[in-house]
Amino acid sequence: MSRGTNLFVAFSVSGIVWIVTLFLSTGYVNEVVKSMPTYALILYFSYALFKVGGDLARLKDYPEEAQSLQKEVEEAKRFYKEKGLKL
Amino acid sequence: MSKYSVILPTYNERENLPIITYLIFEMAKKNNLDFEIIIIEDNSPDGTLQVAQELKKVYGDKLIIHFREKKLGLGSAYMDGIKLCHGNFIVIMDADLSHHPKYLVDFIQKQKQTNCDIVTGSRYINKGGVMNWGFDRKLTSRGANFLASTMLGVKCSDLTGSFRLYKREVLEKVIKDVVSRGYAFQMEIIIRARQYGYTVEEVPIVFVERIFGESKLGASEFQIYLKGLWKLLWTF
């Protein structure tokens, strides 16, 4: 079974269980069960925010890398000029 | 002694090609490594082929040029390149200077330390990074990687990265089965490799956005990526 099939089955089964529980439960429990899908979505997006946001906050710019690359470009051009290449 | 073959697909890279070639061979000379470069040239209108032929006068047999009549894509470029490689290790990287050859020393060291099958450069681990990217590009890239890793259930900090070192037999085996194109192609290689039980190690790299030439990245790339990701979901 592919990952897609696994996820589809997992979601479908969870969905059926949720609907059945919704119909069978009453009162406060019913309220909690009703809000579970929303809560699951919020959890996933919070995790995404935490992971992606955290990584982006840590993702550094390296201006010195761009500068040293520029120097190496000049070095390469000098090398080829000495070899008499027409580029 | 190990021999390393670099497959360099080129399209409109007349300014970057001499620089990347110089950097690769300088790195190899400084570190006493045996390197060759296989250029897969897809008939660029800007004269990249003529530049490659000029470079061959300096580098001789260490530079192999494979000319193709039209733009045929990365996957076929790698497959054509593998047939021309003499090395027992193959490096895949971009020709536009965003992947600096100096990291290959770290890749090789990592491979020797762990005897892993694949070493992949990652922008998103400690000491990795980017340069010349706006916030929206960073967000798109990191978001895309997150989406792929949660949807596909794969642990890899930089799934779409294309700066990698492979054991030759590993790349030969995995690439035959790959069906995706674009970014999904790079992701599929890692997923298939893991399925076969091959080991993947990561090394931090700093990705410097191209300084010469035009980027092949367009607005439709994200759509292609999503389509590719969707397909992968049903492939594995």
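Just so it is clear, the values below take in all heavy atoms, side chains as well, and ignore hydrogens, waters and symmetry mates. Here is how names work: the chains are called A, B, and so on, in the same order as the sequence lines, proteins then strands, and each is numbered from 1.
The local environment of NZ in Lys231(B) is sparse, with at most 12 non-hydrogen atoms from other residues, nucleotides or ligands closer than 6.0 Å. Within 6.0 Å of CH2 on Trp230(B) lie no more than 12 heavy atoms contributed by other residues, nucleotides or ligands.
In this structure, Leu97(B) and Leu69(A) approach most closely via the heavy-atom pair O-CD2, 3.9 Å. Looking at every heavy atom in both residues, Met151(B) comes nearest to Arg3(A) through O-NE, 2.6 Å.
Most heavy-atom pairs under 4.5 Å with chain A: of the set Asn145(B), Ile125(B), Leu152(B), Leu147(B), this distinction falls to Leu152(B). For the set Leu17(B), Leu23(B), Val206(B), the count of heavy-atom pairs under 4.5 angstrom toward chain A peaks at Val206(B).
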Stepwise salt bridge (Lys or Arg N to Asp or Glu O under 4.0 Å) test for Glu54(B) and Lys83(A): CA-CA 11 Å; Glu54(B) 280 292 300; Lys83(A) 297 274 177 187; over 6 Å; no
side-chain contact (heavy atoms from CB on, under 4.5 Å) between Tyr47(A) and Phe146(B), worked out: CA-CA 10 Å; Tyr47(A) 173 67; Phe146(B) 174 81; 3.6 Å; yes
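Taking the side chain as every heavy atom from C-beta outward, Met131(B) and Gln67(A) never approach each other to under 4.5 Å. Annotation: side chain of Arg142(B) is in contact with side chain of Lys51(A) (closest heavy-atom distance under 4.5 Å). Phe207(B) has its side chain out of reach of Tyr62(A): every pair of non-hydrogen atoms, C-beta onward, lies at least 4.5 Å apart. Taking 4.5 Å as the limit, some side-chain heavy atom of Leu55(B) sits within range of a side-chain heavy atom of Tyr80(A).
Both the backbone and the side chain of Thr21(B) come within contact range of chain A, with heavy atoms under 4.5 Å apart. Of the two parts of Val51(B), the backbone and the side chain both hold a non-hydrogen atom closer than 4.5 Å to a non-hydrogen atom of chain A. Using a 4.5 Å cut-off between heavy atoms, Val58(B) contacts chain A through its side chain alone, with no backbone atom that close. Only the side chain of Leu7(A) has a heavy atom closer than 4.5 Å to any heavy atom of chain B. Interface remark: Leu139(B) contributes backbone and side-chain atoms alike to the contact with chain A (heavy atom separation under 4.5 Å). With a threshold of 4.5 angstrom between heavy atoms, Leu232(B) does not approach chain A through any atom at all.
A donor-acceptor pair shorter than 3.5 Å can be found between the side chains of His100(B) and Glu72(A). Side-chain contact of Glu75(A) with Tyr22(B): a donor-acceptor pair under 3.5 Å is present, judged by distance alone. There is a side-chain donor-acceptor pair under 3.5 Å between Tyr44(A) and Thr150(B).
The closest donor-acceptor contact from the side chain of Tyr124(B) to the backbone of Leu59(A) lies at 3.5 Å or more, if one exists at all.
At a threshold of 4.0 Å, the pair Lys77(A)-Glu15(B) does not count as salt-bridged, since none of the basic side-chain nitrogens sits closer than that to a carboxylate oxygen.
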